[in-house]
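Read the structure below first, then the notes.
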Amino acid sequence: MNTTANVLVGLVAALHIYILVLEMFLWERRPGRELSGFDAEMARATAPLAANQGLYNGFLAAGLIWGLIAADPTGYRVQVFFLSCVLVAGLYGGFTANRRILVAQALPGALALAAVLVAG
């Protein structure tokens, strides 16, 4: 089960790196605009906000990667903390911004968190 948990944590970290790239570097280009649904003008106007969100997603990814490489008990605790942060961020975003965030962020975070808790 530990391998499954590590794979899920790695996938959630990769997802947040992908979100970082979309929000920080591709927001005004086609992939970012398709994600947001914004036209070019709105994407330009909101790019600084998106970049800030992307940076926070990068911090989540960094924490999850730290949790994967740190020895236990630190690694386990770091994974639980950052996956909890992912879950809270996904729930908040899903209820306040876009329901898709519940499936795209909260669900993977919850599944990885459950796997880590079971394996721990």
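Here the structure is a predicted model, which means the values were calculated and not measured.
Closest approach of Ala51 and Met24 over heavy atoms only: O-CG, 3.4 Å. In terms of heavy atoms, Ala119 sits closest to Ala5 at CB-CB, 4.1 Å. Nearest heavy-atom pair across Ala45 and Pro48 is O-CD, 3.8 Å. What you find for Leu15 and Pro108 is that their closest heavy atoms are CD2-CG, 4.4 Å.
The closest side-chain heavy-atom distance from Arg77 to Thr74 is not below 4.5 Å. Taking 4.5 Å as the limit, every side-chain heavy atom of His16 sits out of range of all side-chain heavy atoms of Leu20. Val80 has its side chain within reach of Leu117: a pair of non-hydrogen atoms, C-beta onward, lies under 4.5 Å apart.
Within a 6.0 Å sphere centred on OH of Tyr56, heavy atoms belonging to other residues, nucleotides or ligands number 12 at most.
Summarising the geometry, atom CG belonging to Leu26 is positioned 13.0 Å from atom CD1 belonging to Ile19; distances are rounded to the nearest 0.5 Å. Here Arg44 contributes atom CZ and Glu28 contributes atom CD; the two are 6.5 Å apart, rounded to the nearest 0.5 Å. With rounding to the nearest 0.5 angstrom, the OH atom of Tyr76 is 14.0 Å from the CG atom of Leu68. The structure places CG of Leu35 at 7.0 Å from CD of Glu23, a figure rounded to the nearest 0.5 Å. Atom CD1 of Ile101 sits about 11.5 Å away from atom CZ of Phe95, to the nearest 0.5 Å. One finds the CG atom of Asp72 at 7.5 Å from the CD atom of Gln79 (value rounded to the nearest 0.5 Å).
In this structure Arg30 satisfies the salt bridge (Lys or Arg N to Asp or Glu O under 4.0 Å) test together with Glu34, sequence neighbours excluded.
Leu83 and Val88 sit in two unconnected hydrophobic clusters of ILVMFWY residues. Membership requires side-chain heavy atoms under 4.5 Å apart, directly or through other members. The same ILVMFWY cluster, assembled from side-chain heavy atoms under 4.5 Å apart, contains both Leu113 and Val12. Under the 4.5 Å side-chain contact rule for hydrophobic residues, Trp66 and Leu64 share a cluster. Cluster annotation: Ile17 and Val9 are assigned to distinct hydrophobic clusters (Ile/Leu/Val/Met/Phe/Trp/Tyr, side-chain heavy-atom contacts under 4.5 Å, transitive). Tracing side-chain contacts under 4.5 Å through hydrophobic residues (I, L, V, M, F, W, Y), one reaches Tyr18 starting from Leu55; they form part of the same cluster.
Side chain of Asn98 to main chain of Arg100: a donor-acceptor pair is present (N/O by atom type, distance under 3.5 Å, no hydrogens or angles).
Of the N and O atoms on the side chains of Ser36 and Trp27, not one donor lies less than 3.5 Å from an acceptor on the other residue.
Pairs of residues two or more places apart, or lying in two chains, never qualify as side-chain hydrogen bond (donor to acceptor under 3.5 Å, both in side chains) while including a residue from residues 107-120.
Exactly one residue among Leu60, Leu87, Leu91 makes a side-chain contact (heavy atoms from CB on, under 4.5 Å) with Gln105. That residue is Leu60.
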